[in-house]
Chemist: 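The structure under discussion is supplied below as structure tokens; questions concerning it will follow.
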Amino acid sequence: MEDLQSQINKLKYQMGLVGESLDSREHPISTLVITMDWGDKELDRAHDIFEKFEGIIKSQKEPNWHEFENDFYEQLRIGHQTLKMVVLAFHRNYQWIHVCEVYAKAKECSEFHEITRPKKP
């Protein structure tokens with residue numbers, strides 16, 4: 001009989017394979033959660049950070065994007081490159097659209113072209 005840790009490791013491996021089979025454009029948050037090995041608490045923290053910056057933008061203050069990046073690093077250990085994936089996932093899921101767009105414009109890069117240069121229908 002397998003021990004509990006072996007079973008947990010097997011489930012993590014299997015969930016990783018499930019995550020790889022998901023289309024990140026059709027299931028952006030599910031893919032993000034599986035890829036990042038997040039639980040509901042980590043996802044809630046990400047939402048809290050986006051909510052904080054949505055409030056800053058709505059108050060017509062200039063957002064400090066270094067602080068945004070630092071919040072993600074301090075709370076979720078996410079660096080700048082991985083943060084791009086998080087922003088894209090939320091944007092693709094139609095969540096925190098305004099924050100994602102303002103951030104993408106401030107941090108212009110090829111990964112954000114789908115946000116900053118959307119295709120015309």
Side-chain angles (χ1 to χ4, degrees):
M1 179 170 223
E2 291 182 90
D3 68 347
L4 183 59
Q5 189 58 49
S6 293
Q7 290 175 356
I8 291 170
N9 289 341
K10 187 187 300 183
L11 286 172
K12 284 179 129 180
Y13 176 73
Q14 291 169 348
M15 286 306 300
L17 293 175
V18 169
E20 289 174 11
S21 68
L22 288 175
D23 182 339
S24 65
R25 293 188 184 277
E26 290 195 29
H27 307 283
I29 299 302
S30 299
T31 304
L32 178 69
V33 167
I34 291 170
T35 302
M36 300 297 293
D37 193 26
W38 282 359
D40 58 337
K41 288 181 179 140
E42 290 84 5
L43 185 58
D44 286 345
R45 282 190 208 133
H47 279 291
D48 291 345
I49 296 168
F50 277 100
E51 184 176 18
K52 172 184 171 182
F53 281 83
E54 180 73 17
I56 291 169
I57 293 168
K58 282 185 177 179
S59 71
Q60 299 187 5
K61 294 179 185 171
E62 185 67 32
N64 179 337
W65 295 119
H66 178 71
E67 182 182 342
F68 180 75
E69 293 165 351
N70 194 52
D71 284 356
F72 270 96
Y73 183 76
E74 286 182 0
Q75 295 185 39
L76 295 163
R77 292 292 178 240
I78 291 176
H80 177 71
Q81 292 295 16
T82 305
L83 182 55
K84 293 176 187 177
M85 183 175 70
V86 173
V87 170
L88 285 170
F90 278 99
H91 189 267
R92 288 173 181 162
N93 206 52
Y94 305 101
Q95 293 178 292
W96 308 113
I97 295 287
H98 195 210
V99 176
C100 295
E101 289 174 351
V102 176
Y103 179 75
K105 288 176 185 170
K107 301 291 184 168
E108 180 66 39
C109 63
S110 60
E111 291 93 339
F112 288 151
H113 283 176
E114 72 180 74
I115 297 173
T116 60
R117 302 176 189 179
K119 294 179 182 175
K120 307 277 190 252

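Throughout, numbering of the chain's residues begins at 1 and tracks the sequence.
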Chemist: Please lay out, stage by stage, how Phe90 and His47 fare under the test side-chain contact (heavy atoms from CB on, under 4.5 Å).
Modeler: CA-CA 9 Å; Phe90 278 99; His47 279 291; 3.3 Å; yes
Chemist: Within the 4.5 Å heavy-atom criterion, are Asp40 and Val33 side-chain neighbours or not?
Modeler: no
Chemist: Any chance you could measure Leu32, atom CG, to Leu43, atom CG, to the nearest 0.5 Å?
Modeler: 7.5 Å
Chemist: Is the shortest heavy-atom distance from the side chain of Val87 to the side chain of Trp96 under 4.5 Å?
Modeler: no
Chemist: Is any side-chain heavy atom of Ile115 less than 4.5 Å from a side-chain heavy atom of Tyr103?
Modeler: no
Chemist: Kindly give the heavy-atom pair with the smallest separation between Cys109 and Lys84, and that separation in Å.
Modeler: SG-CE, 3.9 Å
Chemist: Salt bridge check: are Glu67 and Lys52 linked by an N-O gap of less than 4.0 Å?
Modeler: yes
Chemist: Specify the closest pair of heavy atoms between Ile56 and Pro63, including all atoms of both residues, with the distance to one decimal.
Modeler: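 For Ile56 and Pro63, the tightest heavy-atom pair comes out as CG2-CA, 3.9 Å.
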Chemist: Between atom NZ of Lys58 and atom CD of Glu51, what is the distance when rounded to the nearest 0.5 Å?
Modeler: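 If I round to the nearest 0.5 Å, the distance is 9.0 Å.
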Chemist: Can you see which heavy atom on Asn64 is nearest to which on Phe53, and at what distance?
Modeler: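 Nearest pair, atom of Asn64 first, then Phe53: O-CE2, 3.5 Å.
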Chemist: Which heavy atom of Ala89 sits nearest to which heavy atom of Pro28, and what is that distance?
Modeler: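 Smallest heavy-atom distance, with atoms named: O-CB, 3.3 Å.
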Chemist: Please name the residue in the list Phe68, Trp65, Tyr73 that meets the side-chain contact (heavy atoms from CB on, under 4.5 Å) test with Leu83.
Modeler: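 Testing Leu83 for a side-chain contact (heavy atoms from CB on, under 4.5 Å) against Phe68, Trp65, Tyr73 leaves exactly one candidate, Phe68.
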Chemist: Quick one: do Arg117 and Glu108 satisfy side-chain contact (heavy atoms from CB on, under 4.5 Å)? Show the steps, please.
Modeler: CA-CA 10 Å; Arg117 302 176 189 179; Glu108 180 66 39; 3.9 Å; yes
Chemist: Is there side-chain contact between Ile97 and Cys100, with at least one heavy-atom pair below 4.5 Å?
Modeler: no
Chemist: Looking at CG of Leu88 and CD of Glu114, how far apart are the two atoms once the value is rounded to the nearest 0.5 Å?
Modeler: 5.0 Å
Chemist: Would you call Met85 and Thr35 a side-chain contact if the rule is heavy atoms closer than 4.5 Å?
Modeler: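 The answer is yes, as the side chains (C-beta and beyond) meet within the 4.5 Å cut-off.
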Chemist: Minimum heavy-atom separation for Glu54 to Val99, with atom names?
Modeler: OE1-CG2, 3.1 Å
Chemist: First locate atom CD1 of Ile49, then atom CG of Leu76, and finally report the distance between them rounded to the nearest 0.5 Å.
Modeler: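 CG of Leu76 is found 5.0 Å from CD1 of Ile49.
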Chemist: Is the gap between the ring centers of His91 and Phe112 under 6.0 Å?
Modeler: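 No: the rings miss the under 6.0 Å criterion.
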Chemist: CD1/Ile29 to CG/Asn93 distance, rounded to the nearest 0.5 angstrom?
Modeler: 4.5 Å
Chemist: With a 4.5 Å cut-off on side-chain heavy atoms, are Phe72 and Thr82 touching?
Modeler: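 No - every pair of side-chain heavy atoms lies 4.5 Å or more apart.
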Chemist: So do Glu42 and Gln75 actually touch side chain to side chain, heavy atoms under 4.5 Å?
Modeler: no
Chemist: Rounded to the nearest 0.5 Å, how far does OG1 of Thr116 lie from CD of Glu101?
Modeler: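 So the CD of Glu101 and the OG1 of Thr116 are separated by 10.0 Å.
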